[in-house]
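Basis for what follows: all heavy atoms, side chains included, without hydrogens, waters or symmetry-related copies.
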Amino acid sequence: MESAEADQMAAVIARNVALRRHGQRLSYEQLARRAGVSKGVVVQIEQARSNPNIATLCRLASALGVAVVDLLEEGAGAAVRIVRAADVPVLWRGAGGGRGRLLAGTRGPDMLELWEWELCAGERYDGAAHAAGTREVLHVIEGRLAVELDGERFELDRGDGMTFAADRRHAYLAVSDRVRFTMIVHEPPAAPA
């Protein structure tokens, strides 16, 4: 991600996290505890001094009862949202040129996201456990993908699909020189406290 683009995204995330934290009358400590991150991480994010990784974004969104897209976008409330190809955020970059992009997602606590992933030879993405009840659906477009769940490895070829409970650590690995896949993440609303 280019520096100007990263700075702009950090500013948008900072505003959205702060607005939602204040709206729920949460202290830094309370949000940090809910999200399972340190208070310092929350402060740095709200001051736009840090661009959080995917796992931290997911934890903050879940703790605030919103979708990841609610933290990434300016403005809200439109009945129809179009995300132009040039505006799709890259939220992960691999050392070999791979990337993870959030193509589209729903707003609010019943989160549904559509991702596009590309992993190059030898690249691996380790995913943190999502909230309880979260499911992921994968479809391999090109190449061979390995998915690791609780020490078990599953390999998928072009055209294969997979669904799994994502409330545990999981990883994606490029088995071929290049693998492209789409992923849908569904995180149901958190149960009332």
Check whether Leu19 and Leu31 end up in the same hydrophobic cluster, where Ile, Leu, Val, Met, Phe, Trp and Tyr are linked by side-chain heavy atoms less than 4.5 Å apart.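 In one cluster: no.
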With the 4.5 Å side-chain cut-off for hydrophobic clustering, are Ile141 and Trp115 part of the same group?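 No, it is not one cluster - the side chains of Ile141 and Trp115 are not joined through contacts under 4.5 Å.
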[X] to [Y] - nearest heavy-atom pair and separation:
X: Cys120; Y: Gly97; value: SG-C, 3.9 Å
X: Ala14; Y: Ile45; value: CB-O, 3.1 Å
X: Pro188; Y: Gly133; value: CD-O, 3.4 Å
X: Ala67; Y: Met111; value: CB-CG, 3.6 Å
X: Val175; Y: Ala146; value: CG2-CB, 3.5 Å
X: Arg34; Y: Ala63; value: NH1-O, 3.2 Å

Once rounded to the nearest 0.5 Å, what's the spacing between atom [atom1] of [X] and atom [atom2] of [Y]?
X: Asp70; Y: Leu60; atom1: CG; atom2: CG; result: 12.5 Å
X: Ser27; Y: His22; atom1: OG; atom2: NE2; result: 11.0 Å
X: Leu57; Y: Ile13; atom1: CG; atom2: CD1; result: 5.0 Å

Between Leu71 and Val17, is the side chain to side chain contact (heavy atoms under 4.5 Å, CB included) condition met? List the steps. CA-CA 6 Å; Leu71 301 181; Val17 170; 4.0 Å; yes
With sequence neighbours left out, write down each residue that passes ring-ring contact (aromatic ring centres under 6.0 Å, His included) with [X], or none if nothing qualifies.
X: His186; value: none
X: Phe164; value: His170
X: Trp92; value: Trp117, Tyr125

Quick one: salt bridge (charged side-chain N to carboxylate O under 4.0 Å, His left out) partners of [X], sequence neighbours excluded?
X: Arg158; result: none
X: Asp157; result: Arg144
X: Arg124; result: Asp126, Glu148
X: Arg180; result: Glu142

Give a yes or no on whether the backbone of Val185 and the side-chain of Glu113 come within a donor-acceptor separation of less than 3.5 Å.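 Between the backbone of Val185 and the side chain of Glu113 there is no qualifying donor-acceptor contact (under 3.5 Å).
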Evaluate side chain to side chain contact (heavy atoms under 4.5 Å, CB included) for Leu72 paired with Leu91, printing each intermediate quantity in order. CA-CA 10 Å; Leu72 296 176; Leu91 297 176; 3.9 Å; yes
Take a 6.0 Å sphere around CD of Gln24 and say whether it holds more than 12 heavy atoms from other residues, nucleotides or ligands.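 Yes, CD of Gln24 has more than 12 neighbouring heavy atoms, counting only those of other groups under 6.0 Å.
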Do you know which of Arg135, Glu136, Glu187 makes side chain to side chain donor-acceptor pair (under 3.5 Å) with His130?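 Passing option: Glu136.
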Residue pairs involving residues 37-65 (criterion salt bridge (charged side-chain N to carboxylate O under 4.0 Å, His left out); sequence neighbours excluded):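 For residues 37-65, and leaving out neighbouring residues, the salt bridge (charged side-chain N to carboxylate O under 4.0 Å, His left out) pairs sorted by first residue read Arg21-Glu46, Glu29-Lys39.
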Start with the C-alpha gap between Met162 and Leu145, add the side-chain angles, then the distance that decides, and say whether side chain to side chain contact (heavy atoms under 4.5 Å, CB included) holds. CA-CA 11 Å; Met162 178 179 184; Leu145 173 70; over 6 Å; no
Any non-hydrogen side-chain atom of Ile54 less than 4.5 Å from a side-chain atom of Leu102?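 Sidechains of Leu102 and Ile54: no contact.
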Could you tell me if the side chain of Asn16 sits less than 4.5 Å from the side chain of Val12, heavy atoms only?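 The answer is yes; the side chains approach within 4.5 Å.
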Would you please test Val179 and Leu156 for side chain to side chain contact (heavy atoms under 4.5 Å, CB included) and show each step? CA-CA 10 Å; Val179 62; Leu156 306 171; over 6 Å; no
Who are the side chain to side chain donor-acceptor pair (under 3.5 Å) partners of [X], not counting sequence neighbours?
X: Asn53; answer: Thr56
X: Arg153; answer: Glu155
X: Thr134; answer: none
X: Arg101; answer: Glu116

